[in-house]
Amino acid sequence: MSSCGDMDHHEQPPRREPHERWLDEEDDLPQPPPMRRGGLNERRSETVRRSTQVMTFLLLGVLVLMVLAYTYLKDEPRPWEDDLKRSSMTEESQDLSAPSRMKYMLMAGSKIRLIEYPNTPPWEWDTPSLAQALDDNGMVLDNLRDLLEEKTEEWSPRNLLWMVEDFGADSAWHAVMKLKQAESAYLSRSGREEAAFLAAMDLARLGHLLEQLDAWPSFMDRSLDLHQASAQSLAMLLRRTQLDAQTLRRLQEEVYRPWAPSATALREAMSGFYGFERKLLVGPEDGEPPLPEGYIPVRTDWLLFKPNATLHLFADSFRELKSESSATVMARQNQIGFRMRQRAKGGMLIPDGNATGEEYFATRIQPYFALPDRHGLARAQHASIMTLFAVRRFLLVEARVPKDAGELTAAYLPEDVVDPFTGARLRINLASGLIYSVGTDMRDDGGRVSPLPLDDPTEPTLEIGVSVAKPASS
């Protein structure tokens with residue numbers, strides 16, 4: 001019995017398989033948090049959303065880069081320019097001597113020491129100073145006379161020899177013009193009045209020849225300077241002339257009139273000026289002569305510089321200048337001034353893709369933009385001298401001054417001699433004894449005398465020289 005009780009006392013607990021648990025132990029084990037419904041799907045959705053955002057930003061970045069590359073790197077095609085091209089340069093001619101004569105004249109002119117003469121207009125110099133200037137610089141005048149005697153073919157604007165050097169930019173031109181004015185003043189003071197007129201008209205003749213040369217823009221600048229110097233000397237001669245009516249008629253109609261500044265020449269020159277700017281911008285084309293030493297094409301690899309887009313601006317502007325070269329101020333409708341102001345503004349937060357090229361254009365086009373008015377001023381100066389010739393002739397023939405410009409019929413003044421700023425005859429103010437143009441400001445102020453004749457662009461004026469003249473009674 002005891003054995004049996006001992007067996008019961010030492011009875012082994014029942015064995016439990018590893019995968020089995022007692023119900024009472026189950027409550028003691030840590031319980032996992034309850035799984036949220038759909039949690040795995042949410043984590044997957046978050047991953048997909050983040051990937052989509054990254055991809056979107058990458059695509060936007062690529063698109064922005066493409067837009068920037070197109071805006072700042074892609075240039076426009078070359079502009080159509082057939083209407084602006086001039087005929088090709090001709091071959092050099094071995095017997096063309098005008099360029100070399102001009103060079104010799106300017107070399108001699110560079111030795112003129114204006115500092116040694118009075119700092120006033122030559123017609124105000126004393127006679128010894130005039131004589132000394134002519135004695136010291138006779139070679140310059142000889143070269144100038146030889147230059148004017150050259151054949152018409154010598155002044156072909158398409159000859160390569162005119163492309164060799166930029167003669168128009170030579171600093172000696174100012175001294176050469178002063179010397180020629182001194183020659184005219186000396187001849188007048190010596191009693192050789194007709195020769196004095198011819199010497200002054202030589203300046204207008206040379207100006208007429210230079211305006212045909214479009215190889216360098218400086219030729220047109222010097223042409224306008226020569227016309228002004230001629231008109232100013234002639235104005236002083238006509239104020240005190242003693243020549244008879246027949247001689248004045250011949251000088252007016254046969255010698256001076258043919259050298260009037262030509263609006264047609266200015267219009268044709270615009271094509272040459274465009275070619276010059278194109279060459280500076282993109283270099284010479286096939287068959288074109290290279291730029292001389294000192295003239296280097298623009299650095300078209302500058303930041304924000306598109307050569308062809310910039311060339312478009314020049315082509316549009318020169319096309320407008322060419323079509324309106326002979327138009328009066330009020331008739332002009334070009335957009336160049338607006339285009340320059342827009343291009344020169346700068347200061348934008350995000351610069352334009354061709355900002356540097358547009359600033360370059362605004363700087364380079366400005367002198368050309370002013371050419372129509374400058375050329376109009378030269379034509380007004382020439383018309384003023386023609387009108388003064390007519391008044392002086394009328395005074396000699398009719399023994400009185402004309403009542404107004406309407407009395408200056410074709411017998412005294414050709415019908416095409418008009419104020420280029422209005423298209424009508426120039427004004428005559430008999431009360432003040434003045435002939436004047438309304439000038440670049442298009443205002444009629446009754447004439448305004450300037451220290452030098454015809455020197456005020458807003459109202460170029462000259463004195464008739466008959467202070468006691470009164471209009472005839474009706």
Side-chain angles (χ1 to χ4, degrees), residues 101-149 167-210 221-243 247-248 251 255-256 259 378 381-382 384-385 388-389 449-455 460 462-463 465:
R101 288 194 186 280
M102 183 177 292
K103 182 175 182 178
Y104 295 146
M105 180 193 73
L106 294 172
M107 289 175 60
S110 65
K111 300 176 183 178
I112 300 175
R113 295 179 57 83
L114 290 178
I115 195 173
E116 297 179 354
Y117 309 109
N119 188 26
T120 56
W123 51 82
E124 296 180 2
W125 294 4
D126 57 86
T127 304
S129 295
L130 291 172
Q132 187 65 46
L134 300 182
D135 289 341
D136 292 343
N137 305 286
M139 183 179 295
V140 179
L141 297 174
D142 290 340
N143 285 327
L144 194 154
R145 281 188 285 269
D146 291 341
L147 183 62
L148 291 175
E149 291 172 1
F167 294 124
D170 198 296
S171 60
W173 278 107
H174 176 66
V176 171
M177 285 183 268
K178 280 270 191 179
L179 182 64
K180 195 65 178 176
Q181 287 181 313
E183 180 189 31
S184 176
Y186 181 78
L187 290 170
S188 175
R189 205 167 297 177
S190 303
R192 291 174 282 177
E193 192 175 355
E194 185 174 351
F197 273 88
L198 294 174
M201 291 177 183
D202 280 346
L203 292 170
R205 183 181 176 188
L206 183 56
H208 173 79
L209 293 170
L210 287 187
D221 291 331
R222 297 297 77 75
S223 171
L224 299 179
D225 292 341
L226 286 160
H227 279 296
Q228 178 170 329
S230 175
Q232 289 176 342
S233 286
L234 289 171
M236 301 307 298
L237 292 172
L238 283 166
R239 283 178 59 183
R240 58 177 72 97
T241 183
Q242 299 297 317
L243 293 176
T247 302
L248 289 176
L251 289 171
V255 183
Y256 187 59
W259 312 133
Q381 291 166 343
H382 188 276
S384 297
I385 296 300
L388 184 52
F389 265 112
V449 178
S450 52
L452 295 176
L454 302 165
D455 200 41
L462 54 77
E463 298 176 85

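When a residue number appears, it is its place in the shown sequence, counting from 1.
- Atom-to-atom distance recorded for D170:CG and M102:CE is 10.0 Å, nearest 0.5 angstrom.
- Between H208 and W259, the ring planes lie tilted relative to each other; the angle falls in the 30° to 60° range.
- How far CG of L130 is from CG of D135: 11.0 Å, rounded to the nearest 0.5 Å.
- Considering all non-hydrogen atoms of both residues, A231 and Q381 come closest at CB-CB, 4.1 Å.
- Counting heavy atoms from C-beta on, the side chains of L206 and K180 never come closer than 4.5 Å.
- A204 and Y256 get closest at one heavy-atom pair: CB-CE1, 4.0 Å.
- Proximity of F389 to L238: side-chain heavy atoms (C-beta onward) are separated by under 4.5 Å at one or more points.
- With S188 contributing its side chain and E193 its backbone, the two residues share no donor-acceptor pair below 3.5 Å.
- Using a 4.5 Å heavy-atom cutoff, the side chains of Q228 and L454 are not in contact.
- Note that CD of E116 is 8.0 Å distant from CD of Q132, once rounded to the nearest 0.5 Å.
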The test is side-chain contact (heavy atoms from CB on, under 4.5 Å); show your working for F197 and T247 and say whether it passes.
CA-CA 11 Å; F197 273 88; T247 302; over 6 Å; no
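- Within the 4.5 Å cutoff, the side chain of L141 has heavy atoms near those of the R145 side chain.
- Checking side-chain atoms of T241 against main-chain N and O of L243 turns up a donor-acceptor pair under 3.5 Å.
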May I have the step-by-step check of side-chain contact (heavy atoms from CB on, under 4.5 Å) for L251 and L198, ending in yes or no?
CA-CA 8 Å; L251 289 171; L198 294 174; 3.9 Å; yes
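- When all heavy atoms of S184 and A200 are compared, the pair lying nearest together is OG-CB, 3.8 Å.
- Rounded to the nearest 0.5 angstrom, L187 CG and L134 CG are separated by 7.5 Å.
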Test N143 against R101 for side-chain contact (heavy atoms from CB on, under 4.5 Å), laying out the working first.
CA-CA 7 Å; N143 285 327; R101 288 194 186 280; 5.6 Å; no
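- The NE2 atom of H382 sits 7.5 Å away from atom OG of S230, with the distance rounded to the nearest 0.5 Å.
- D221 places none of its side-chain heavy atoms less than 4.5 Å from the side chain of W173.
- Counting heavy-atom neighbours within 6.0 Å of Y186 OH, excluding the residue itself, gives a total of 12 or less.
- The shortest heavy-atom contact between S223 and L210 is CB-CB, 4.1 Å.
- One finds the CG atom of N137 at 13.5 Å from the NZ atom of K178 (value rounded to the nearest 0.5 Å).
- Counting heavy atoms from C-beta outward, P453 and M236 have side chains that approach closer than 4.5 Å.
- Contact record, G109 with V176: CA-CG2, 4.1 Å, taken as the closest heavy-atom pair.
- Side chains of Y117 and P122 form no contact here, defined as non-hydrogen atoms less than 4.5 Å apart.
- Minimum interatomic distance between L224 and A378 (heavy atoms only, all atoms of both residues): CD2-CB, 3.8 Å.
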Evaluate the side-chain contact (heavy atoms from CB on, under 4.5 Å) criterion for residues W123 and L237: first the C-alpha distance (whole Å), next the side-chain angles of each, then the deciding distance (0.1 Å), finally the verdict.
CA-CA 9 Å; W123 51 82; L237 292 172; over 6 Å; no
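- Within the 3.5 Å criterion, the main-chain N or O of P121 finds no donor-acceptor partner in the side chain of Q181.
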